[in-house]
Amino acid sequence: MTTVGPGAQLEALRRGAVEVISEEELLAKLARGRPLRIKLGLDPTAPDLHIGNAIVLQKLRQFQDLGHEAVLVIGDFTGLIGDPSGKAETRPALSPEEVERNARTYRDQYSLILDPARTRVVFNSEWLGKMKFYDVIKLASRTTVHRILERDDFARRYADRLPIHLHELLYPLCQAYDSVAISADVELGGTDQKFNNLMGRELQREMGQEPQVVLLTPLLPGLDGVQKMSKSLGNAIGITDPPNEMYGKVMSLPDGLMIPYFESCTLVPLGEIREIARGLVAGGVHPRDAKKRLAREITARYHGEAASRKAEAEFERVFAARERPEEIPDVELPRDRLKGGAIRLVRLLVELGLADSNSEARRLISQGGVSLDGARAAQDTDIGVRDGLLVQVGRRRFARVRLTE
RNA sequence: GGGGAGGUACCCAAGCGGCCAACGGGAGCUGACUGUAGAUCAGCUGGCGGAACGCCUUCGGAGGUUCGAAUCCUUCCCUCCCCA
């Protein structure tokens with residue numbers, strides 16, 4: 001156990017937290033001096049972490065470093081009935097092999113941030129899957145429809161007369177029961193999890209356990225600046241994204257997101273961030289430079305200083321100076337696709353995977369988006385292909401043709 | 001159980017017998033410009049096609065009426081509202 005006193009622990013833990021319910025309770029738990037069990041519920045469909053997920057994981061890591069125990073609850077059972085975002089569908093149950101395989105994936109992914117030695121991974125099908133219908137009814141009797149409908153998501157859909165399936169109402173209860181099942185002392189989550197996590201508190205109290213403390217971390221807006229970061233919305237920066245991509249994605253952020261990103265995704269001291277913010281407002285700091293710093297910081301955090309510098313140089317070359325990237329992927333093209341050493345440009349683009357269909361390839365050409373060896377292609381004609389031909393689509397998609405037999 | 005309103009392309013949403021591959025917005029793509037993949041402006045955004053107002057496949061599913069349907073009819077599936 002750590003030597004850090006409860007007061008200091010609390011101080012450290014609440015930094016970056018949007019809300020702690022409640023600090024007094026957390027302090028009391030910490031003061032007992034035994035390791036606490038920290039719960040984090042995870043969606044089984046997103047084993048691919050992005051830097052938004054990372055925020056709450058960093059918080060969990062912090063708990064671990066203070067000597068506490070992390071329990072990742074994979075919602076494989078709740079995942080079966082779809083999560084109540086409105087559009088989710090029910091999914092077929094995972095086989096034991098799939099569960100095992102996923103468990104490994106989770107461990108691999110999460111150990112990028114967490115301390116594997118202090119992390120336990122459990123699946124909620126373990127207990128939810130064993131419940132009899134009678135148990136479900138008893139569980140459901142612990143709350144009321146009105147209570148559940150308070151959840152803003154349900155409330156909104158109810159008001160808008162959008163469908164709400166009965167089983168969706170059970171969803172928060174299932175998650176709440178997870179807390180009971182593992183006797184959580186603290187549950188972490190994004191602010192969107194507030195309702196569910198509070199439900200956990202209530203259910204624990206109802207079932208004779210000491211209520212968990214709920215600690216909420218901010219939700220990171222995605223690249224679009226509107227919706228929260230999510231892989232399925234395609235607005236995410238994955239923590240395993242290659243350096244160049246990571247750097248570039250950060251550079252494409254709306255300017256207004258720079259400060260929130262600095263705060264949530266970097267280790268830059270708060271004072272310094274405030275200075276940058278002031279500079280941006282006053283005009284002393286160029287937004288481009290602030291964003292470059294941000295891109296550098298984030299890339300360095302996941303790939304190291306060297307890779308970050310390199311990504312920056314590459315970015316400048318390709319986008320600022322409009323030069324070719326340092327590394328251009330080779331794409332194989334079987335020689336038999338050529339006729340007399342030539343091929344229709346449209347077909348070439350499709351063959352190389354630079355266009356999804358012939359129509360799209362034609363569009364790209366007519367819009368002036370295609371270059372061969374640096375020269376813009378004006379129209380779709382037969383072009384002679386030699387090994388090493390450089391094909392470019394748009395500003396950032398390059399391919400080097402490798403002829404194969 | 002009774003009555004009413006709906007299901008349109010990645011999302012939202014027009015269309016309600018031919019001019020519809022289907023208005024508009026969002027998202028995406030390309031170009032210009034630039035501070036970057038940001039902002040702004042412009043064009044494009046089903047597929048096939050050696051440049052077409054040519055052909056093929058789309059408007060919940062399956063049939064039908066018609067020279068011709070996303071638009072009309074039948075039936076099935078799904079959602080919402082009101083009443084019971």
Side-chain angles (χ1 to χ4, degrees), chain A residues 85-90 154 156-168 221-237 241-262 276 279-280 283-299 308 311-323 325 339-340 342-350 353-371 376-383 391-398:
Chain A
S85 58
K87 303 225 149 88
E89 311 241 322
T90 55
F154 289 138
R156 195 179 30 52
R157 281 203 272 157
Y158 191 72
D160 292 347
R161 295 171 172 176
L162 293 169
I164 300 173
H165 292 267
L166 189 56
H167 73 276
E168 296 185 73
L223 297 175
D224 52 36
V226 180
Q227 286 172 290
K228 71 172 180 180
M229 184 172 285
S230 142
K231 279 267 154 99
S232 56
L233 291 173
N235 63 358
I237 301 175
D241 279 353
N244 288 352
E245 199 177 329
M246 189 176 274
Y247 186 97
K249 281 183 178 176
V250 176
M251 287 306 282
S252 78
L253 280 176
D255 289 357
L257 251 42
M258 286 194 276
I259 297 305
Y261 268 59
F262 262 115
I276 295 173
L280 286 171
V285 174
H286 195 301
R288 176 201 50 207
D289 297 330
K291 211 183 275 183
K292 280 164 98 170
R293 166 90 190 273
L294 179 64
R296 236 174 16 239
E297 293 283 351
I298 291 176
T299 309
S308 171
E312 177 157 87
E314 181 77 354
F315 185 85
E316 309 246 299
R317 172 165 44 234
V318 178
F319 296 106
R322 293 286 181 97
E323 287 166 14
K339 234 186 285 167
I343 186 174
R344 293 289 298 184
L345 181 50
V346 161
R347 287 203 51 212
L348 178 66
L349 294 176
V350 174
L354 293 171
D356 288 333
S357 66
N358 293 355
S359 296
E360 188 188 327
R362 285 198 190 82
R363 248 174 256 136
L364 289 167
I365 296 166
S366 67
Q367 291 177 147
V370 179
S371 297
R376 185 170 288 185
Q379 54 181 356
D380 178 28
T381 54
D382 284 322
I383 51 154
V391 183
Q392 177 183 3
V393 169
R395 280 181 215 179
R396 57 195 166 114
R397 296 161 68 199
F398 293 83

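Numbered from 1 within each chain, the chains take letters A, B, ... in sequence-line order. Bear in mind the structure is a predicted one, so any value in this text is a computation, not a measurement.
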Report the residue from A:Arg317, A:Lys292, A:Arg293, A:Arg296 that forms a side chain to side chain donor-acceptor pair (under 3.5 Å) with A:Glu312.
A:Arg296
When both hydrogen-bonding distances must be under 3.5 Å and the geometry is Watson-Crick or G-U wobble, what is B:C10 paired with, if anything?
B:G26
Atom-pair distance (CG on A:Asp224; C1' on B:A37), nearest Å:
14 Å
So, is A:Arg363 near the phosphate of B:A51, with a side-chain N or O under 4.0 Å from OP1 or OP2?
no
Return no unless some side-chain N or O of A:Arg347 is found under 4.0 Å from OP1 or OP2 of B:G49.
no
Looking only at atom P, what distance separates B:A62 and B:U8, rounded to whole Å?
16 Å
Ring centers of A:Phe319, A:Phe315 separated by less than 6.0 Å:
yes
Given the P atoms of B:G54 and B:G60, what is the spacing between them in whole Å?
26 Å
Could you tell me whether the phosphate oxygens of B:G47, OP1 or OP2, come under 4.0 Å of any side-chain nitrogen or oxygen in A:Ser357?
yes
Touch check for A:Arg396, heavy atoms < 4.0 angstrom, all strands: base, sugar-phosphate only, or nothing?
base
When the C1' atoms of B:U79 and B:C67 are compared, how many Å lie between them, rounded to an integer?
37 Å
Between B:C44 atom C1' and A:Glu360 atom CD, what is the distance in whole Å?
11 Å
Can you spot which of A:Thr381, A:Asp380, A:Asn358 makes a side chain to side chain donor-acceptor pair (under 3.5 Å) with A:Arg344?
A:Asp380
Select from A:Phe319 and A:Arg344 the residue whose nearest nucleotide in RNA chain B is closer to the 5' end of that strand.
A:Phe319
Rounded to whole Å, how long is the line connecting atom CG of A:Leu294 with atom P of B:A37?
17 Å
Roughly how many Å is it from NZ in A:Lys249 to P in B:G38, rounded to a whole number?
14 Å
For A:Lys249 and A:Ser252, which heavy atoms make the closest approach, and how far apart are they?
O-OG, 2.8 Å
Assign A:Asp380 to base, sugar-phosphate, or nothing according to its heavy-atom contacts below 4.0 angstrom with the strands shown.
nothing
Let me know the distance between CG of A:Asn358 and C1' of B:G49, rounded to the nearest Å.
8 Å
Does the side chain of A:Val250 come within less than 4.5 Å of A:Tyr261's, by heavy atoms?
no
Calculate the interatomic distance between A:Leu354 atom CG and B:U30 atom P; express it in whole Å.
11 Å
Are the side chains of A:Leu253 and A:Met258 in touch, meaning some heavy atoms are under 4.5 Å apart?
no
Separation of the P atoms in B:A21 and B:C56, to the nearest angstrom:
12 Å
Among B:G49, B:A37, B:C29, the nucleotide that comes nearest once only the side chain of A:Gln367 is considered:
B:C29
For B:A37 and B:U30, measure between their C1' atoms and round to the nearest Å.
13 Å
Does A:Arg395 make a side-chain N or O approach to OP1 or OP2 of B:A37 shorter than 4.0 Å?
yes
Is there side-chain contact between A:Ile343 and A:Asp382, with heavy atoms separated by less than 4.5 Å?
no
Could you let me know what B:A69 is paired to, Watson-Crick or G-U wobble, both distances under 3.5 Å, or none if it's on its own?
none
Using atom C1' of each nucleotide, how far apart are B:U40 and B:A13 to the nearest Å?
26 Å
Between B:C80 and B:C72 - P atom distance, rounded Å
24 Å
How far does the C1' atom of B:A5 sit from the matching atom of B:C19, given to the nearest Å?
30 Å
Can you tell me whether the side chain of A:Arg322 and the base of B:U34 have a donor-acceptor pair closer than 3.5 Å?
yes
Nearest 0.5 Å, what's the CD1-CD1 distance between A:Ile276 and A:Ile259?
6.0 Å
Residues from residues 283-291 of chain A sitting under 4.0 Å of RNA chain B, heavy atoms only?
A:His286, A:Pro287, A:Arg288, A:Lys291
Scan every strand shown for a Watson-Crick or G-U wobble partner of B:U40, both distances under 3.5 Å, and answer none if you come up empty.
B:A32
Please name the nucleotide paired to B:C80 by Watson-Crick or G-U wobble geometry with both distances under 3.5 Å, or report none.
B:G4
A:Leu349 and A:Ile365, any side-chain heavy atoms less than 4.5 Å apart:
yes
Partner of B:G49 by Watson-Crick or G-U wobble geometry, both contacts under 3.5 Å, or none?
none
A:Ile237 side chain reached by A:Met229 side chain, heavy atoms, under 4.5 Å:
yes
Whole Å only: how far is the CD1 atom of A:Ile365 from the C1' atom of B:C44?
14 Å
Could you check how far CD1 of A:Ile383 sits from P of B:G50, rounded to whole Å?
15 Å
A:Ser252 has a side chain; which of B:A37, B:U36, B:C44 sits nearest to it?
B:A37
Students often get this wrong, so: under 4.0 angstrom with heavy atoms, is A:Gly368 touching a base, only sugar-phosphate, or nothing?
sugar-phosphate
Position toward the 5' end of RNA chain B (nearest nucleotide), A:Glu316 or A:Val346
A:Glu316
